[in-house]
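I have placed the structure first, in the form of structure tokens, so that the comments after it can refer back to it.
All heavy atoms count here, side chains included; hydrogens, waters and symmetry mates do not.
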Amino acid sequence: MTDNSAAAAMPTDSPLRTLLSGAQMLFVAFGALVLVPLLTGLDPNVALFTAGVGTLIFHGVTRVSVPVFLASSFAFIAPIQGSVANYGIPATLGGLMVAGLVYVVISQCVRLKGTAWLHRLLPPVVVGPVIMVIGLALAPVAVDMATGETSESIGYGAAILLSMASLLVTLVLAVFGRGLIRLIPIMGGIATGYMLALVMGVVDFTPVQEAAWLSLPSFTAPSFHWAAILFMIPVAIAPAVEHIGDMIAIGSVTRENYLVKPGLHRTLLGDGLATSAAAIFGGPPNTTYSEVTGAVTLTRVFNPWIMVVAACIAIVLAFVGKLGALLQTIPGPVMGGIMTLLFGSIAVVGMNTLVRAGKPLTAPRNLVVVSLVLVFGIGGMQFGNGQFTLQGVSLAALVGIVLNWVLPRAEEE
């Protein structure tokens with residue numbers, strides 16, 4: 001099958017199944033999607049719009065071949081906050097637009113050099129623990145949401161009840177569900193948690209009452225200042241490294257090598273153009289979402305057109321004020337219960353990568369690489385401060401790459 005024929009392949013599922021799956025993916029991404037703009041002073045409706053547009057751009061570049069959804073990047077939260085404080089929102093958006101173009105430059109380097117070097121740069125002993133960090137580094141976020149730490153009006157007892165009820169229903173539907181029911185375990189868990197929250201009286205409908213039915217998102221045009229641009233450019237390196245891990249993670253789930261087809265250069269290009277496009281409209285940078293990767297792992301729905309549907313729904317919701325406000329009324333603990341499962345499933349993908357490689361993890365070289373990647377990535381280690389801070393997944397990936405490069409290989413390898 002050629003690339004063109006693969007790109008032209010339309011979903012074989014019924015329209016209803018495709019619509020439900022797309023809506024489920026958007027539900028999974030929604031909490032984190034709007035969290036970034038809320039923390040950085042950007043507009044959540046714009047973030048919803050740019051997530052949809054960015055996802056469509058990505059799938060246009062990759063010919064609808066990778067089941068991923070792009071939305072607000074957590075890696076840029078601290079830099080955006082610092083840049084907005086120093087240079088303002090328009091200049092920050094200009095810096096973010098240029099940061100997206102850094103992805104484009106990296107993608108062309110990959111196109112010219114090929115991907116063979118990636119196997120040497122990112123062997124399973126590096127990739128496996130990095131994927132585990134992608135999931136487990138977010139575990140405290142899920143637990144905080146599940147226990148009510150992020151909710152001002154929901155106490156611990158109510159939060160635990162909501163989160164565990166949502167989680168339990170998701171588990172039951174995922175394991176015992178059949179047919180269409182098995183396709184929507186996450187949506188079922190969220191719906192159950194939301195209805196329980198309604199009974200408990202912890203849903204605040206004030207945002208819905210205040211929102212208009214139709215409203216234009218508060219788009220903001222970028223402006224360009226060298227100081228803001230130079231402040232933001234170094235930040236793009238870390239999410240680019242994380243992007244590679246995300247592509248390998250989703251490839252491990254679907255058993256496809258996306259670094260070869262459609263090619264890492266195309267996925268990076270799509271991500272970069274999506275980030276630049278988001279900045280043009282006033283939205284946060286886009287990145288492939290680990291939450292959605294977890295949802296794909298759980299539901300086993302690998303059809304990339306599902307993500308196109310999710311993107312279209314996101315764009316529509318950006319203009320329907322009351323629907324967007326209604327989604328924001330979903331209590332944090334409900335989403336937290338779901339996230340505990342999704343983030344854990346990503347870590348399992350990383351474990352499976354190590355197991356399938358068949359390398360002895362107790363061998364000194366492998367032990368050092370895996371141990372430091374896990375501890376640095378999950379433990380919160382950081383190097384530098386201010387705009388040059390390196391931490392989390394990006395630090396874990398860099399540590400793994402450097403150790404794999406400098407440590408002598410065992411004789412049997």
Side-chain angles (χ1 to χ4, degrees), residues 1-11 25 29 50-73 75 96-122 127 130-131 134 236-280 285-290 292-293 296 302-312 314 349 393-394 397 401:
M1 179 180 286
T2 64
D3 284 356
N4 291 335
S5 62
M10 293 295 290
M25 294 304 172
T50 55
V53 170
T55 300
L56 293 180
I57 290 174
F58 177 88
H59 285 290
V61 172
T62 59
R63 304 174 185 178
V64 197
S65 58
V66 188
V68 297
F69 184 86
L70 273 65
S72 310
S73 172
L96 292 173
M97 183 177 175
V98 175
L101 298 179
V102 173
Y103 282 64
V104 175
V105 172
I106 296 174
S107 74
Q108 296 311 298
C109 292
V110 171
R111 181 178 66 84
L112 294 174
K113 295 292 186 179
T115 59
W117 57 276
L118 279 175
H119 297 291
R120 297 190 299 271
L121 189 68
L122 297 170
V127 172
V130 168
I131 295 175
I134 290 175
I237 304 300
V241 173
E242 184 177 349
H243 172 93
I244 299 173
D246 287 337
M247 287 300 101
I248 295 174
I250 190 64
S252 298
V253 173
T254 62
R255 299 189 182 279
E256 299 284 348
N257 189 350
Y258 297 122
L259 302 183
V260 175
K261 183 180 179 181
L264 181 60
H265 63 288
R266 285 198 179 95
T267 63
L268 277 170
L269 177 62
D271 203 339
L273 293 177
T275 290
S276 294
I280 291 175
N286 284 317
T287 187
T288 49
Y289 253 27
S290 299
V292 175
T293 298
V296 170
F302 302 150
N303 186 352
W305 285 94
I306 299 296
M307 305 305 174
V308 174
V309 172
C312 294
V349 172
V393 175
S394 56
I401 291 171

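Minimum heavy-atom separation, N286 to S72: OD1-N, 4.0 Å. Across every non-hydrogen atom of C312 and L56, the tightest pair is SG-CD2, 4.4 Å. Nearest heavy atoms, G245 versus I131: O-CG1, 4.1 Å. Closest approach of S65 and P304 over heavy atoms only: C-CG, 3.6 Å. Across I57 and A274, no two heavy atoms sit closer than the pair CG2-N, 4.2 Å. In plain terms, the two heavy atoms of L269 and S107 that are nearest each other are N-CB, 3.5 Å.
Looking only at distances, no side-chain donor or acceptor of T62 sits under 3.5 Å from a matching main-chain atom of P262. Remark: side-chain polar atoms of T275 are not paired, donor with acceptor, to backbone N or O of P285 under 3.5 angstrom.
Considering CG of L112 and NE2 of H265, their distance stands at 9.5 Å, rounded to 0.5 Å. Residue Y103 holds its OH atom at 5.0 Å from CG of D271, rounded to the nearest 0.5 Å. The structure places CD1 of I244 at 8.5 Å from OG1 of T267, a figure rounded to the nearest 0.5 Å. With rounding to the nearest 0.5 angstrom, the OG1 atom of T55 is 5.0 Å from the CG atom of L70.
Under the side chain to side chain donor-acceptor pair (under 3.5 Å) criterion, the residue pairs touching residues 246-256 are D246-T288, T254-Y258, with sequence neighbours excluded.
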Could you go through V66 and F58, starting from their C-alpha distance and side-chain angles, then the distance that decides it, and tell me whether this counts as side-chain contact (heavy atoms from CB on, under 4.5 Å)? CA-CA 9 Å; V66 188; F58 177 88; 4.2 Å; yes
If you apply the rule side-chain contact (heavy atoms from CB on, under 4.5 Å), what do you find for M307 with H59, and how did you get there? CA-CA 9 Å; M307 305 305 174; H59 285 290; 3.4 Å; yes
Mind running side-chain contact (heavy atoms from CB on, under 4.5 Å) on F69 and M25 for me, showing each step along the way? CA-CA 8 Å; F69 184 86; M25 294 304 172; 5.6 Å; no
List the steps and the verdict of side-chain contact (heavy atoms from CB on, under 4.5 Å) for N257 and K261. CA-CA 6 Å; N257 189 350; K261 183 180 179 181; over 6 Å; no
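The shortest side-chain heavy-atom distance between V61 and L273 falls under the 4.5 Å cut-off. Proximity of I248 to L259: side-chain heavy atoms (C-beta onward) are separated by under 4.5 Å at one or more points.
For the 3.5 Å distance criterion, the side chains of T287 and H243 fail to qualify, holding no donor opposite an acceptor.
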